[in-house]
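Only one structure is covered here, and it is reproduced in the block below.
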Amino acid sequence: MKFSLLVMAAPYSTQSHLSALKFAKACIESNHQIYRVFFYNDGVLGASELQNPPQDEINIHDEWQLLAKENNIDLVTCIAAALKRGILNKEEAKRYQKEQHNTDAPFELSGLGQLLDAQIHSDQMVTFA
């Protein structure tokens with residue numbers, strides 16, 4: 001079965017990111033496929049490379065990045081929600097004349113069309129709010 005995930009809450013405010021990560025890993029271990037993870041609203045904060053949780057806590061950004069690279073998972077961050085919250089890749093930083101950026105591959109900034117595409121091409125869309 002092919003799943004896509006919608007993550008909508010901030011990484012350390014709720015369990016949504018951790019639950020989504022565990023769900024994705026369980027799907028992969030059960031030979032299911034994760035088509036895409038779409039980050040929306042405060043969920044986009046998980047794309048920031050600047051997260052530095054205490055050493056005894058999971059670095060959610062690094063966990064998503066590792067999972068995506070090992071399993072070729074598409075991580076898409078809603079561009080409007082990301083820009084509003086200061087999440088910029090190199091191209092958007094240049095476009096908005098900012099000196100810094102704080103996200104990079106495998107996180108991609110894109111529009112809600114990618115969420116619709118995930119719904120069309122997946123058997124199930126699971127929301128973590």
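The structure displayed is predicted, hence computed values, not measured ones. Starting from 1, each residue takes its place in the sequence as its number.
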Could you list the donor-acceptor pairs under 3.5 angstrom formed between side-chain atoms of residues 72-83 and any protein atom two or more places apart in sequence or on another chain?
residue: Asp74; atom: OD2; partner: Arg36; partner atom: NE; Å: 2.6
residue: Asp74; atom: OD2; partner: Arg36; partner atom: NH2; Å: 2.8

For the student: nearest non-hydrogen atoms of Asn102 and Ile87, plus distance: OD1-CA, 3.4 Å
All N/O donor-acceptor pairs, side-chain side in residues 37-48, below 3.5 Å, sequence neighbours left out:
residue: Asp42; atom: OD1; partner: Arg85; partner atom: NE; Å: 2.6
residue: Asp42; atom: OD1; partner: Arg85; partner atom: NH2; Å: 3.3
residue: Ser48; atom: OG; partner: Leu50; partner atom: N; Å: 3.1

Counting N and O atoms only, with roles assigned by atom type, does the side chain of Thr14 sit under 3.5 Å from a partner on the main chain of Ser16, one being a donor and the other an acceptor? yes
Are any non-hydrogen side-chain atoms of Phe107 and Glu49 less than 4.5 angstrom apart? no
Applying salt bridge (charged side-chain N to carboxylate O under 4.0 Å, His left out) as the test, list every pair that has at least one member in residues 4-21; sequence neighbours left out. none
With sequence neighbours excluded, what pairs up with Asp104 under the side-chain hydrogen bond (donor to acceptor under 3.5 Å, both in side chains) test? none
By side-chain contact (heavy atoms from CB on, under 4.5 Å), which residues pair with Lys98, not counting sequence neighbours? Leu88, Ala93, Tyr96
Ser19: which residues meet the side-chain hydrogen bond (donor to acceptor under 3.5 Å, both in side chains) condition with it, sequence neighbours left out? none
So CD of Gln33 and CZ of Phe3: to nearest 0.5 Å the spacing works out to 11.0 Å
Could you note down all residue pairs passing salt bridge (charged side-chain N to carboxylate O under 4.0 Å, His left out) where residues 9-19 supplies at least one of them, sequence neighbours left out? none
Quick one: list whatever passes salt bridge (Lys or Arg N to Asp or Glu O under 4.0 Å) with Lys25, sequence neighbours left out. Glu63
NE2 of His61 to CD1 of Ile58: how many Å apart, nearest 0.5 Å? 15.0 Å
Quick one: list whatever passes side-chain contact (heavy atoms from CB on, under 4.5 Å) with Lys69, sequence neighbours left out. Gln65, Pro106
What closest approach, in Å, do Ile34 and Ala24 show between heavy atoms, and which atom pair accounts for it? CD1-CA, 4.0 Å
Can you list the residues that meet the side-chain contact (heavy atoms from CB on, under 4.5 Å) rule with Glu57, with sequence neighbours excluded? Tyr12, Pro53, Pro54
For residues 120-129, dump all side-chain donor-acceptor pairs below 3.5 Å to protein atoms at least two apart in sequence or in another chain.
residue: His121; atom: ND1; partner: Asp117; partner atom: O; Å: 3.0
residue: His121; atom: ND1; partner: Asp117; partner atom: OD1; Å: 2.9
residue: Ser122; atom: OG; partner: Ser4; partner atom: OG; Å: 2.6
residue: Ser122; atom: OG; partner: Ala118; partner atom: O; Å: 2.7
residue: Asp123; atom: OD2; partner: Lys2; partner atom: N; Å: 2.8

According to salt bridge (Lys or Arg N to Asp or Glu O under 4.0 Å), who are the partners of Glu92, at least two apart in sequence or on a separate chain? Arg95
Hydrophobic cluster identity match, Leu5 and Leu116, side-chain contacts under 4.5 Å: no
Any link between Leu112 and Met8 through a network of hydrophobic side chains (Ile, Leu, Val, Met, Phe, Trp, Tyr) touching at under 4.5 Å? yes
